[in-house]
Amino acid sequence: MPSERFRRFLTRRIAVITVVLIGCLSSASAEERPVESNVILEEISVEAVSARRGPMPSYAGGQVAQGGRLGLLGDTETRKAPFSITSYTDTLIRDRQARTVNEALALDPSVRATQTTGAPFDSFSVRGFPANENTSGEVAFDGLYGIAPSFRSFTDYAERIEVLKGPSAALTGVSPNGAVGGVVNIVPKRAGDDLTRVTLDFGSAAWGGSQVDVARRWGPGREWGARVVGSLRGGATPFDHQTETTGVGALALDYQGDRFRAWLYLLAQTDRFSAPLRPFLLRAGVPVPRAPDGHLNPTRPWEYSDIDDHGGLLRTEYDLTDQLTLFADVGGGRTGVERYFQSAPTILNLRGDTTSTPQFYALGVDRLTADGGVRARFETGFIHHAVTVQASAYTEDADRWVSPGRGAYLSNLYAPTRGAYIAPIYGAGRPRFSDSTLSGVSVADTLSALDEHVLLTLGVRRQRVEADNYLSNVGTPASSYDKGATTPVLGLVVRPWDTVSLYGNYAEGLSRGDVAPLVARNSGEILAPYVARQVEAGVKLDLGRLGATLGAFRITKPGGELGPQNRFAQTGEQRVSGLEFTLFGEVTPQVRVVGGVTLLDGALTQTALAANLGHRPIGVPGVQASLGAEWDLPGLTLDGAVLYTGHQFVDLANTQALPDWARLDLGLRYATVIGAHRTTFRATVLNVTGANYWTGVATFGTFFQGAPRIYLLSMAVDL
């Protein structure tokens, strides 16, 4: 349940918003008639309202959208955005048969998964910085944290998956676990055109299932809408003695009136694994051994992971006038976890010998999020203004029980042992583990002139981070803090021609401090908040059918690290400079491309150990490249993708490194009409060459084995 502190905070914020809204209502009533007589202002307001009625339209080729959400600035065209943003469409997701958000972002050159298929959670890095690595989910849902599942987010309910790159706390609020490399946002499916689609899936080894997707609109003006998505999948996966069962149910209802609009989303998800894959640790001084066959599974058949997620979101907005819109949103979610599996196995030597200890783990996370404010559009002379004022809050309470280690056993990367069953140690309930409240008040104004050929964005957010920590498995208070900061944002877009946009930004992000890992002497302690800073500049090209972005950035972020006494503290700082190139759209009417290259130069600018100063940060490769292409042939479409990641270090001393790796994916798509119903067959082979490789490195030096060759088949029928 939400904490009493959050209730008091929310009551105060509602009171403030109410006073502001009453004032807006009063001024709107006095000025309503003359405002409505101004035809130009009415046209501006219609654009603002229509932008909220659905996701941004697709760009040529249908694989990416023409824009995405910039936090409180709302949906913005890519060419008019002072930030780097890419929005991947449902078309690309379905054609690649991507099941999770991680898999859907494989073609983004700035994003890399730090886990693998077969693990019970998604984690990734954006611009060399980690995201979604802890129990606080960092995938936003329709722009708000706390709704999407904390561990794995499936694509069944996603219409778009957006990546807003760089720290953006002034626009999106504090990320629940402190991610600063970017924000991944799910734009949920909602009712558009009427749709009834049934999809059957099959994948190696013996995994399969089905999905039903139904959308309807009704009413005199089709103002009412509903969309229902349900799926059930399960079976044996490509990993030895592993099975997986997933179920998803999602409901989206909406009302689109002349002045009032509302959206309600409900989500339920279950994710069951037997023998789930676990990340590896590497003993100090041991070189990284060669990667094992991707089919091999070091986890015992009796180990398991059960995760259940529920979430809901209500969004509302009302046009007081054609230039003034009030909005209010409230939502939340709950994640329940019960799992019994080995701690991260430690690799002991080059022979691949490992040691690990199974632990029982029970976790409950409750989240609540709310925001409200006003959006206004007006003119001062020849300058057009789009102003947003917003108050927001996010609260999270976590209860946890972790059993003591019991019965450590030895195994090997290349010849895993099954091991006898070891009974778990169950705890009595789930003692309180942590709670936090992330809140803020923000204002932003986008000033535009010369028919939006010059756009200047100015914004600021006053943010507050409150957190309490409790002794693990005990639940008594251990530490707390209450910190605040003011974070600005500045963005500029100059469009000398309609096809060219020059952009730049300065942004800061206030992040909740890192959580000390289990291996630390102060395990579970949350460090004080820190501020990350970004400077970015670049050029965007839009030729109508083909688009590209070239940008350079530098992000500086403080962070925690393990010191000489094995204590985790905020003694580190890292800087990552990068050059990004992305390409999307149609080369010809029959050939589509999406992907790019990211060059990263990372350095430790502050460290607990002077010997590490100037070293490359953990998990930051020098090169990341992704390129996907489709080619339409008579009756068929061929598609393929090449992914490459440069070598990356596992330790701060830069003595242990994962080698670089490359992967090839190929696919075939055939669309036809059977019995008057459009039917699409898809076949995909991931990792065609069966390459053995290690994936990306997470914050604490853990890494996964790459997935083996995987076969995917599907048939989708529009009834």
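Shown here for Leu232 and Gly247, the closest heavy-atom pair between the two residues is CD1-CA, 4.3 Å. The heavy-atom pair separating Tyr693 from Ala707 by the smallest distance is OH-N, 3.9 Å. Nearest approach of Ser150 to Asp309, heavy atoms of both residues: N-OD1, 3.6 Å. Contact between Ala691 and Ala662 at its shortest, heavy atoms only, is CB-O, 4.0 Å. For Pro289 against Trp694, the heavy-atom pair with the smallest separation is O-NE1, 3.0 Å. Residues Ile425 and Phe360 share a closest heavy-atom pair of O-CB, 3.7 Å.
A donor-acceptor pair shorter than 3.5 Å cannot be found between the side chains of Ser125 and Thr114. Ser274 and Thr243 share a side-chain donor-acceptor pair at under 3.5 Å. Under 3.5 Å, the side chains of Thr246 and Asp271 contain no donor-acceptor pair of N or O atoms. In this structure, a donor-acceptor pair under 3.5 Å is absent between the side chains of Thr237 and Glu244. Using a 3.5 Å distance cut-off with no hydrogens or angles, the side chains of Thr199 and Ser714 do not pair a donor with an acceptor. Glu162 and Asn185 share a donor-acceptor pair across their side chains, judged by distance under 3.5 Å alone. Defined by atom type and a distance below 3.5 Å, a donor-acceptor pair is missing between the side-chain atoms of Thr684 and Arg682. No side-chain donor-acceptor contact under 3.5 Å links Arg663 and Ser626.
At least one side-chain heavy atom of Ile186 sits under 4.5 Å from a side-chain heavy atom of Val139. Taking 4.5 Å as the limit, every side-chain heavy atom of Arg233 sits out of range of all side-chain heavy atoms of Thr245. In this structure, the side chains of Pro345 and Arg278 come closer than 4.5 Å at one or more pairs of heavy atoms. Asn297 places a side-chain heavy atom less than 4.5 Å from the side chain of Leu277. In this structure, Pro149 and Thr335 have side chains that are not in contact, with every pair of non-hydrogen atoms separated by 4.5 Å or more. Between Tyr88 and Val64, some side-chain heavy-atom pair lies under the 4.5 Å cut-off. In this structure, the side chains of His615 and Leu652 stay at 4.5 Å or more apart for every pair of heavy atoms. Side chains of Leu686 and Thr117 form no contact here, defined as non-hydrogen atoms less than 4.5 Å apart.
Using a 30° and 60° split on the angle between ring planes, Phe584 and Tyr59 fall in the perpendicular class, above 60°. Aromatic ring pairs are classed by plane angle as parallel below 30°, tilted from 30° to 60° and perpendicular above 60°; the pair Tyr409 and Trp302 is perpendicular.
A donor-acceptor pair is defined here as one N or O able to donate and one able to accept, closer than 3.5 Å; no such pair exists between the side chain of Asp665 and the backbone of Gly640. A donor-acceptor pair under 3.5 Å is formed between the side chain of Asn412 and the backbone N or O of Arg351. A donor-acceptor distance shorter than 3.5 angstrom exists from the side chain of Ser411 to the backbone of Thr417, with no hydrogens or angles considered. With hydrogens and angles ignored, the 3.5 Å screen pairs a side-chain donor or acceptor of Gln656 with a backbone N or O of Val286. Within the 3.5 Å criterion, the main-chain N or O of Gly352 finds a donor-acceptor partner in the side chain of Asn349. Between the side chain of Asp632 and the main chain of Thr637, no donor-acceptor pair closer than 3.5 Å is present. Under a 3.5 Å cut-off, the side chain of Gln211 and the backbone N or O of Val229 do not form any donor-acceptor pair. Checking side-chain atoms of Glu133 against main-chain N and O of Ala698 turns up no donor-acceptor pair under 3.5 Å. No donor-acceptor pair under 3.5 Å is formed between the side chain of Gln269 and the backbone N or O of Val248. Side chain of His295 to backbone of Pro238: a donor-acceptor contact under 3.5 angstrom is found.
Salt bridge status for Glu630 with Arg669: present, with a side-chain N to carboxylate O gap under 4.0 Å. A salt bridge is absent between Asp201 and Arg99; no separation between the charged side-chain nitrogens and carboxylate oxygens falls under 4.0 Å. Taking the charged nitrogens against the carboxylate oxygens, Asp108 and Lys165 do have a contact shorter than 4.0 Å, which makes a salt bridge. Under a 4.0 Å N-O distance rule, the pair Lys189/Asp156 does not qualify as a salt bridge. A salt bridge is defined here as a Lys NZ or Arg NE, NH1 or NH2 lying under 4.0 Å from an Asp or Glu carboxylate O, and Arg152 with Asp122 fails to meet this definition. Ion pairing of Arg709 with Asp293 is absent here, as no side-chain N (NZ or NE/NH1/NH2) approaches a carboxylate O to less than 4.0 Å.
Summarising the local packing, OH of Tyr670 is surrounded by 12 or fewer heavy atoms from other residues, nucleotides or ligands at distances under 6.0 Å.
Partner of Ile347 under the side chain to side chain contact (heavy atoms under 4.5 Å, CB included) criterion, out of Leu413, Thr355, Asp353: Leu413 alone.
Between the CG atom of Asn177 and the OH atom of Tyr145 there is a distance of 10.5 Å, given to the nearest 0.5 Å. The CG atom of Leu604 sits 10.0 Å away from the CZ atom of Arg616 when rounded to the nearest 0.5 Å. Here the CG-CD1 distance, from Asp718 to Ile674, works out to 12.0 Å after rounding to the nearest 0.5 Å. Atoms OH and CD, from Tyr304 and Gln242 in turn, are 16.0 Å apart once rounded to the nearest 0.5 Å. Atoms CZ and CD, from Arg112 and Gln648 in turn, are 9.5 Å apart once rounded to the nearest 0.5 Å. A distance of 7.0 Å separates CZ in Phe124 from CG in Leu105, rounded to the nearest 0.5 Å.
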For Asp660 and Thr645, run side chain to side chain contact (heavy atoms under 4.5 Å, CB included): C-alpha distance rounded to whole Å, both residues' side-chain angles, the deciding distance at 0.1 Å, then the answer. CA-CA 6 Å; Asp660 61 343; Thr645 300; over 6 Å; no
Assess whether side chain to side chain contact (heavy atoms under 4.5 Å, CB included) is satisfied between Tyr644 and Val597, documenting all intermediate values. CA-CA 9 Å; Tyr644 174 81; Val597 179; over 6 Å; no
Going through the checks in order, is the side chain to side chain contact (heavy atoms under 4.5 Å, CB included) test met by Ile147 and Leu267? CA-CA 8 Å; Ile147 315 300; Leu267 172 67; 5.6 Å; no
Residue pair Phe649, Ile618: steps toward the side chain to side chain contact (heavy atoms under 4.5 Å, CB included) verdict: CA-CA 5 Å; Phe649 289 105; Ile618 290 175; 5.7 Å; no
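When ring centroids are compared, Phe239 and His241 stay outside the 6.0 Å threshold.
Both tests do not hold together for Arg339 against Phe273: distance to the six-membered ring centre under 6.0 Å, angle to the ring axis within 45°.
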